[in-house]
Amino acid sequence: MNVRVRFAPSPTGYLHIGGARTALFNWLYARHTGGTFILRIEDTDTARNTQEATDVILHGLRWLGLDWDEGPATPDPKGASKGDCGPYFQSQRNDIYRKRIEELRDKGMAYEHEGAIKFKMGRDAVVIPDLVVGDVRRELTDREAVDPDFVIVRSDGQPVFHFVNVVDDLEMKITHVIRGEDHLTNTAKHIAMFRAFGVEAPKYAHIPLILNPDGTKMSKRDLGASLQTYVDEGFDPAAVVNYLSLLGWSPKENREKMPIEEIVQRFDLPQILRHNARFDMTKLQWLDGEYLRELPDDKFQTMAADAFRSAGVALDKFPASYVSAAIATCKGKVKRFSELPAYAGFYFADDVKIDPAVAATDFTLDNLARLKKFRDALDALSDFNASTIEQTIKATAKELGVKLGLLIHPTRLACTGSTSGPSLYHLMEVIGKPTVMKRLDSVLVAA
RNA sequence: GACCCUAUGGUCUAGCGGUUAGGACACCUCCCUUUCACGGAGGUAGCCCGGGUUCGAUUCCCGGUAGGGUCGCCA
C-alpha cells in the first residue's frame with residue numbers, strides 16, 4: 001500500500017510548535033515509507049483566513065525543510081498547486097462538499113435541522129483502532145446521549161471541520177491520519193462518517209501533545225509556542241527538527257543528535273510514545289548549540305552576518321575581511337546566533353560601554369598602573385598579531401611579577417566592555433592596534 | 001457532569017517479571033584553560049498511591065490519585 005499522509009493546518013496567522021511537530025511526524029512517516037506527504041489548507045473560516053496567514057505556514061514548513069509532494073505552490077487559494085487531488089484549499093472545494101452532503105442525505109444519514117444539516121450518529125460505542133494507543137472504545141458522553149447527532153453544515157451554508165476533514169481525507173485517499181491526541185475522542189464521529197460513505201476509515205495514529213514546562217497546555221501566548229520564535233532567535237532549523245522529533249518519539253540505542261537521514265530511517269509509528277511531553281527550551285538550546293558548533297565555516301559566516309544585520313549592526317561599513325575575521329573568533333563560542341550582537345558587538349562599535357560597577361572592581365589603581373605598562377609594551381610592537389600580543393602580555397606579567405589574569409581581565413574589559421568573549425589575543429589582532437590603543441587609552445585617561 | 005488518554009530523577013527518555021533501574025539536558029565538584037564555551041573525570045536526584053496475580057513486580061490486572069484531552073452552527 002502506498003502511504004499517503006497529510007498535514008492540514010488552519011491559517012491562523014502563526015504556526016504552533018505542536019502543529020510543526022505534527023507536520024514533521026507526517027513528513028517523516030512519508031519519507032520513511034516512500035509515501036506521499038500532502039499539505040492541505042483548512043481555510044473554511046473565510047473571514048479570518050488570509051493569504052498572509054497561509055504564507056506563515058508555507059514559510060514555516062519550508063524553513064523546517066518539510067517539503068510536500070502535493071499541495072499549494074503559493075498562498076493564493078486559487079493559485080497553482082501540485083498533485084492530482086486538488087484543490088488543496090478547502091475554500092475551493094465547495095462543490096465536492098455539496099455532492100457529499102447530498103450523498104448523505106440520499107442515504108438518510110443527514111437531515112436538515114433549523115437551517116443547519118446534521119449527521120445521524122449512532123448510539124453504540126465506537127471502537128477506534130489507534131496505532132499508538134491501541135483500540136479505544138469510545139462511549140457517548142452524557143450530553144451526546146441526549147442527542148448524538150452533530151452539525152455538519154452550518155445554517156449559513158458553511159460545512160464544518162469534522163465533515164470537510166473526513167471528506168477531504170476520503171477524496172485525497174489518505175491512508176494514515178497522524179495528528180494530535182486532542183482529536184482522539186472525536187475520531188468516533190469521523191469513523192461513523194467514513195462508514196456512512198461506505199468506505200473504510202484510514203489508519204489513525206494519535207500522537208501525544210506538547211505541553212508547557214509546567215505541564216499546562218501550550219497556547220498561542222506561551223513562550224516558544226510559535227515556530228517564528230525559533231526563526232527570529234536564529235535557531236538552526238535542523239536542530240529544531242531534531243529536537244521536535246524526540247518529543248513523543250524515541251529511537252533505539254539512546255540516539256539523540258542525529259542527521260535527518262537517520263531520523264527518517266529510524267522513524268516509525270510503533271515507537272511513538274503515549275504520554276505528553278513538556279517542552280524543554282534548555283535542551284533545545286543545547287542541541288542547537290551542538291549543531292551550531294558543527295556548522296561549516298562558510299555557513300556560519302553567512303548566518304552570523306545575518307544575525308548581526310537583523311540586530312541592526314551596520315556590517316557593511318566594515319571591510320569584508322574584517323567582518324569575516326571577527327565572526328571567525330566567535331565560532332564554537334556562542335550557542336545561538338542571537339547571542340552574537342551582545343557577544344561580539346564590540347567589533348563594530350565606535351566605543352565600548354563599560355558597566356561602572358564592573359569597572360570599579362577591575363580598574364583599580366594597581367591594575368591601571370599595570371595596564372599602562374602593557375599598553376606601552378604593545379605600543380612598541382611593530383608586528384601586532386595574536387602571537388606577539390600573547391608574548392607581550394606574558395612578558396609584561398612576568399616583569400611585574402603578577403599573575404596573567406591581572407592583566408588579561410582589565411585588558412579584555414577595556415577592549416570589549418565585557419568580562420567574557422572571544423579569545424583575547426585574537427580579538428585584539430582583529431580590532432587592530434589603533435583601536436586597541438584607543439580603547440586602552442580611554443580607560444587610562446579616565447582614571 | 002460524562003467520556004477518552006497517560007503516569008520512570010526537575011525535564012526528555014531506555015526498560016517490556018528477576019537489572020547495582022541505563023542514556024541525554026539541567027544542576028554541583030574537580031581537571032584542562034587567556035575569560036567564556038568546548039572537552040575530560042566524578043556527583044546529587046527517579047519507578048504516583050493502594051490492592052491483587054506471581055516464588056518474585058517499575059514491568060501484568062483492578063481501584064484510587066494526579067495531569068492532559070474531548071463532549072460547539074471553532075478548527
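Here is the naming used below: chain letters follow the sequence lines, and residue numbers restart at 1 for every chain. Everything numeric here is computed off the predicted structure, so don't read it as measured data. No hydrogens, no waters, no symmetry mates; every other heavy atom, side chains included, goes into these values.
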Exercise. What about the rings of A/Phe37 and A/Tyr29, do their centers lie closer together than 6.0 Å?
Worked result: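 No, ring centres 6.0 Å or more apart.
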Exercise. Would you say the ring centroid of A/Phe267 lies under 6.0 angstrom from that of A/Trp249?
Worked result: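 Here the rings of A/Trp249 and A/Phe267 have centres that are less than 6.0 Å from each other.
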Exercise. Which one of A/Arg370, A/Lys373, A/Lys394 satisfies the salt bridge (charged side-chain N to carboxylate O under 4.0 Å, His left out) criterion with A/Glu399?
Worked result: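 So, applying the salt bridge (charged side-chain N to carboxylate O under 4.0 Å, His left out) to A/Glu399 and each of A/Arg370, A/Lys373, A/Lys394, only A/Lys373 qualifies.
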Do [X] side-chain and [N] base share a donor-acceptor contact under 3.5 Å?
X: A/Ser155; N: B/C73; answer: yes
X: A/Asn276; N: B/G67; answer: no
X: A/Ser250; N: B/U13; answer: no

How far does the [atom1] atom of [N] sit from the matching atom of [M], given to the nearest Å?
N: B/C62; M: B/C55; atom1: C1'; result: 22 Å
N: B/C47; M: B/C12; atom1: P; result: 16 Å
N: B/U20; M: B/A2; atom1: P; result: 45 Å
N: B/G22; M: B/U58; atom1: C1'; result: 14 Å
N: B/G64; M: B/G72; atom1: P; result: 26 Å
N: B/A7; M: B/A14; atom1: P; result: 10 Å
N: B/G63; M: B/G10; atom1: P; result: 28 Å
N: B/G46; M: B/C73; atom1: C1'; result: 49 Å

Which atoms of nucleotides 25-33 of chain B (N or O only) lie under 3.5 Å from a protein N or O atom, and what are those distances?
none

Atom [atom1] of [X] and atom [atom2] of [N]: how far apart are they, to the nearest Å?
X: A/Phe161; N: B/C74; atom1: CZ; atom2: P; result: 13 Å
X: A/Arg154; N: B/C74; atom1: CZ; atom2: P; result: 5 Å
X: A/Lys333; N: B/G39; atom1: NZ; atom2: C1'; result: 12 Å
X: A/Phe279; N: B/G68; atom1: CZ; atom2: C1'; result: 18 Å
X: A/Leu246; N: B/U11; atom1: CG; atom2: P; result: 17 Å
X: A/Ile207; N: B/U6; atom1: CD1; atom2: P; result: 15 Å

Strictly below 4.0 Å: does [X] bring a side-chain N or O up to OP1 or OP2 of [N]?
X: A/Asn186; N: B/C71; result: yes
X: A/His162; N: B/G72; result: no
X: A/Thr44; N: B/A75; result: yes

Just checking [X]: base, sugar-phosphate only, or nothing, at a heavy-atom cut-off of under 4.0 Å?
X: A/Pro422; result: base
X: A/Lys252; result: sugar-phosphate
X: A/Leu184; result: sugar-phosphate
X: A/Ala116; result: base
X: A/Arg412; result: base

Exercise. Does A/Phe25 have A/Arg21 sitting over its ring (NZ/CZ under 6.0 Å from centre, angle to axis within 45°)?
Worked result: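 Relative to the ring axis of A/Phe25, which defines the angle, A/Arg21 lies inside both limits.
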[X]: side chain to side chain donor-acceptor pair (under 3.5 Å) partners, not counting sequence neighbours:
X: A/Tyr230; result: none
X: A/Asp156; result: none
X: A/Lys118; result: A/Asp147
X: A/Thr141; result: A/Glu144

Problem set entry | Members of residues 129-148 of chain A that approach RNA chain B, where some heavy atom sits under 4.0 Å away |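 Within residues 129-148 of chain A, the residues near RNA chain B are A/Val133, A/Val136, A/Arg137, A/Arg138, A/Glu139, A/Leu140, A/Thr141, A/Asp142, A/Arg143, A/Glu144.
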For this session: Mind listing the residues from residues 259-274 of chain A sitting with a heavy atom below 4.0 Å of RNA chain B? Number order is fine.
Result: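 The answer is A/Leu273, A/Arg274.
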Problem set entry | Criterion side chain to side chain contact (heavy atoms under 4.5 Å, CB included) on A/Val358 and A/His409, from CA distance to verdict | CA-CA 11 Å; A/Val358 180; A/His409 296 304; over 6 Å; no
Nucleotide opposite [N] in a Watson-Crick or G-U pair, distances under 3.5 Å:
N: B/U19; value: none
N: B/G1; value: B/C71
N: B/C36; value: none
N: B/G46; value: none
N: B/G10; value: B/C25

For this session: Can you sort out the partners of A/Glu253 under salt bridge (Lys or Arg N to Asp or Glu O under 4.0 Å), two or more places apart, ordered by chain and number?
Result: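 Counting only residues at least two positions away or on another chain, A/Glu253 forms a salt bridge (Lys or Arg N to Asp or Glu O under 4.0 Å) with A/Arg266.
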For this session: Could you tell me which residues satisfy salt bridge (Lys or Arg N to Asp or Glu O under 4.0 Å) with A/Arg93, sequence neighbours excluded, listed by chain and number?
Result: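 So A/Arg93 forms a salt bridge (Lys or Arg N to Asp or Glu O under 4.0 Å) with A/Asp168.
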Problem set entry | Pairs meeting criterion side chain to side chain donor-acceptor pair (under 3.5 Å) with involvement of residues 293-308 of chain A, two or more places apart |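 Non-adjacent pairs meeting side chain to side chain donor-acceptor pair (under 3.5 Å): A/Lys257-A/Glu294, A/Glu290-A/Arg293, A/Asp297-A/Lys331.
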Exercise. Got a sec, which pairs hit side chain to side chain donor-acceptor pair (under 3.5 Å) with one end in residues 202-214 of chain A, sequence neighbours left out?
Worked result: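 The answer is A/Asp130-A/His206, A/Arg179-A/His206, A/Thr187-A/His206, A/Asn212-A/Thr216, A/Asn212-A/Asp222, A/Asp214-A/Thr216.
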For this session: Compare the minimum distances between each of B/C36, B/C71, B/U34 and the side chain of A/Ser420, then state the nucleotide with the smallest one.
Result: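 My answer, after comparing the listed nucleotides, is B/C36.
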Less than 3.5 Å apart, which donor and acceptor atoms pair up between the side chains of residues 233-244 of chain A and the rest of the protein, not counting sequence neighbours?
| residue | atom | partner | partner atom | Å |
| --- | --- | --- | --- | --- |
| A/Glu233 | OE1 | A/Arg336 | NH1 | 3.4 |
| A/Glu233 | OE1 | A/Ser338 | OG | 3.4 |
| A/Asp236 | OD1 | A/Ala238 | N | 2.9 |
| A/Asn242 | OD1 | A/Met258 | N | 2.9 |
| A/Asn242 | OD1 | A/Tyr291 | OH | 2.6 |
| A/Asn242 | ND2 | A/Glu256 | O | 2.9 |
| A/Tyr243 | OH | A/Asp280 | N | 2.8 |
| A/Tyr243 | OH | A/Asp280 | O | 3.3 |

Exercise. Between A/Tyr243 and A/Glu181, who's closer to the 5' end of RNA chain B by nearest nucleotide?
Worked result: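 Going by which nucleotide is closer to the 5' end, it is A/Glu181.
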For this session: Map A/Asp156 and A/Asn254 onto RNA chain B by nearest heavy atom, then report which one ends up closer to the 5' terminus.
Result: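 Taking each residue's closest nucleotide, the earlier one in sequence belongs to A/Asn254.
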Problem set entry | Aromatic plane relationship, A/Phe161 with A/His190 - under 30° parallel, 30 to 60° tilted, over 60° perpendicular |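 Plane angle over 60°, so perpendicular.
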